[in-house]
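Comments concern the structure below.
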Amino acid sequence: MNHRLNFVAALFVAAPLAAAAAPDTPMSVVVVSATRAEHTSFDLPAAIDVVDADRIGAAQPRVNASEALATVPGLVVQNRQNYAQDLQISSRGFGARSAFGVRGVRLVADGIPATMPDGQGQAATFNLDMAERIEVLRGPFSTLYGNHAGGVIQLFTRDPRGAPYIETNVSAGSDGMRKTDVNTGGKQGAFGWLLDGSRFETDGYRAHSAATRDQAYAKLTFDTSATGKLTVTASGLRQDDTQDPLGVTWATFQRDPRAGEIDATDPQTPKRTLADRYDTRKSIHHTQVGLAWDEKFGQDRLHVAVYGGNRSVIQYQSFSKAFQAPASHSGGVVDFDRDFYGIDANWQMARPLGDGSLRATVGLEAGKSNDARKGYENYVGTTFGVKGNLRRDEEDDVRNVDPYLQLEWERGQWVFTGGLRHSRVSFDVDDHYLANGNDGGSVDYRHTTPLLGALYKVTPTLNVYASAARGFETPTLNEVFYSGTGNGFNYRLGAATSTQLELGAKALVGQDVRVNAAVFQVRTRDELVVDSSSGGRTSYRNASATLRQGLELSLDADLRAGFSARVAATVLRAIYDEAFTGVAEGNRLPGVPRTSLFGELAWKDADGRLQAALETIASGKVNPDDANAATPAPGYAIVNARVQASQPLGAWRVREYARVNNVFDRTYVGSVIVGDSNKRYYEPAPGRNWVLGASVQYQF
């Protein structure tokens, strides 16, 4: 009952905000995610939101995308308080089952995929310090990006421009959080540059959750002609020995949200936590380079992007010696080295057609990842958390080849859109460790995704639209690694297919209020669900059918005297539409809240030098298992406060900020690990916490 009262209270806090803030996404905002060409979001038959640089840096240290994406309806982005497993992101309920990383939502940064060909992505690779905006596309239009089901999150860094500058940012906060960032940029003639380097450190809110992250980013631009540009990007991320606090049971969460789960098999007295006994941790080294060439030919444009990179990971998990005894198990140490590369090339053209104009995009996207993957026992004798005997040695290849076509015809007050994409995703495994049998093999997935959409301009300030599409989602490489019996690869897993429908309206109310609303329905066959999950090893199976029905609403308004407001609300019914083993028809999908809300009341002075805001974030309860038998993570509502000041001093610009999150010190579960076999579902969120930051910029 308390969670319902919390959510109702949050609605009352947010309701006055709806009375009106200068819109973060005004009608004229230009986006590219929906059509791969510049387009005003107001005139697209799609649910798309833009999070701009001011929002990304709104008194934030710019460490996690969750800091900014909480403002987007339909999206649930949770900081697990576990930097070994990355953020948990779900869009319209897709992606909530992911035990680590991002699944079911496609990630892209500066046109370079942060999602591999199998559909697994890492939001930690986003460089938020240089971000100009993040576009979030949901619904039928997102299916034209291929192998995923929920949406597309695309980050764009700013282009180098203006006189050279150098900037330093520092921040510090609760639980030993500290971050230092140094960047420089500018443009001289045809050449522009951005360079950025940062270090983030935290002792962690939860026991055994310390992390250090180093990031570097470079962007070079060359004007090859009056209408052409070459862009080179390079980025790197390094996290050594990032501690993994693991999930906890409901009893442990109630006893102490910061504590870890005690290992009952530990012979020591007092007994240690699982995380401490096994020293659960992960090291990540990620580098990538991309090159994009854009050239205009009259009304036509050619875009060619190529990229490549390497990702190496070594992870120590919490498997016991007894659990590893069967020969089929691959050990408690994951060690892989991945090379990946790909290309995305498309031709865009515009022509008159009949009484209207036709815009067309035809392209090809292809990618490949190759893993040299090994597994080891995580013990030597009676010592745990060390690399022991070899238990796995294989080479994993995943490839995709996707031609696509998109058409848009505008005539009078109508805009009609159609699209088609054919995806082929192939998995090949070459097993070199044959002591437990040969797990080598291959599987191939193919699907054609059609899209239809129509928008009608009722008045200059009101557009209504409808869209429909078929989508599909293959298992990721990690999802085919294990079968439910504890054996090796599960090549029998099928791809999930979905039918998506959406109706929406976009309106300007007077001069100062913008409202976006969308209702949607998604029917999915062969939904991929957790079969079993224990100690970091998760197996999956295909369920029968699921149904998602929902409403998304966002409102931006400009109040008088410098006040502004934003509200983003989601109501989502996500259920199993047919029963299957152990799960009844009508059960709620795990990891998916029925309701979520963001509300903000902000103020700034006439010069924008002083700003302050109150935020509220609320969520309904979340079931952690398919059977809906475990204790749900209760709903919650928290309030955050921030203040920011800036002072231009000649060539210098100084900025200071302060933020307090969870002002009323609520205790709540921030995220859940879906289907954990040991019932360690819960990942607690921090109580009241603070951060202070400052930056100094000098422009030459």
Side-chain angles (χ1 to χ4, degrees), residues 7 9-29 31 40-42 47-60 62 65-77 91 128 131-138 153 461 504-518 550-571 593 595-605 608 610-619 637-644 657 659-663:
F7 191 76
L11 286 172
F12 276 100
V13 170
L17 310 187
D24 290 336
T25 54
M27 184 176 70
S28 59
V29 71
V31 297
T40 59
S41 62
F42 192 75
I48 184 168
D49 282 76
V50 177
V51 182
D52 63 15
D54 288 341
R55 172 70 65 184
I56 295 168
Q60 298 278 20
R62 296 180 299 204
S66 55
E67 298 166 357
L69 293 178
T71 66
V72 179
L75 206 63
V76 177
V77 186
S91 176
L128 300 174
E132 182 176 67
R133 71 186 191 279
I134 301 174
E135 296 181 11
V136 182
L137 174 65
R138 307 174 302 285
I153 300 176
T461 58
K506 303 181 181 186
L508 292 175
V509 182
Q511 296 293 318
D512 303 319
V513 180
R514 172 170 173 170
V515 179
N516 290 342
L551 166 67
E552 297 169 356
L553 176 69
S554 65
L555 180 147
D556 293 281
D558 195 9
L559 301 172
R560 299 182 184 277
F563 284 92
S564 63
R566 176 170 176 82
V567 174
T570 306
V571 178
T595 52
S596 57
L597 175 96
F598 173 86
E600 176 188 87
L601 177 64
W603 174 85
K604 63 181 177 181
D605 66 7
L610 183 62
Q611 304 178 33
L614 287 174
E615 307 164 355
T616 182
I617 299 174
S619 174
I638 62 171
V639 174
N640 306 326
R642 70 175 194 263
V643 63
Q644 177 176 298
Y657 71 84
R659 168 178 283 273
V660 179
N661 296 316
N662 196 359
V663 172

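Side-chain atoms are counted along with the backbone in the values below, which use heavy atoms only and exclude waters and symmetry mates.
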Within the side chain of [X], is there an N or O that forms a donor-acceptor pair under 3.5 Å with the backbone of [Y]?
| X | Y | result |
| --- | --- | --- |
| Lys604 | Ser564 | no |
| Thr616 | Ile638 | yes |
| Arg659 | Ala59 | yes |

[X] bridged to [Y] by N-O distance under 4.0 Å:
| X | Y | answer |
| --- | --- | --- |
| Glu67 | Arg62 | no |
| Asp49 | Arg566 | yes |
| Arg55 | Glu600 | yes |
| Arg560 | Asp512 | no |

Is the shortest side-chain heavy-atom distance between [X] and [Y] below 4.5 Å?
| X | Y | answer |
| --- | --- | --- |
| Ile617 | Leu597 | no |
| Thr595 | Thr570 | no |
| Leu553 | Val515 | yes |

Residues at least two apart in sequence or cross-chain that pass salt bridge (Lys or Arg N to Asp or Glu O under 4.0 Å) with Arg133, listed by chain then number, are Glu135
Between the CG atom in Asp556 and the CG atom in Asn516, the distance rounded to the nearest 0.5 Å is 8.0 Å
Result for side-chain contact (heavy atoms from CB on, under 4.5 Å) between Ile153 and one of Leu137, Val72, Ile134 points to Ile134
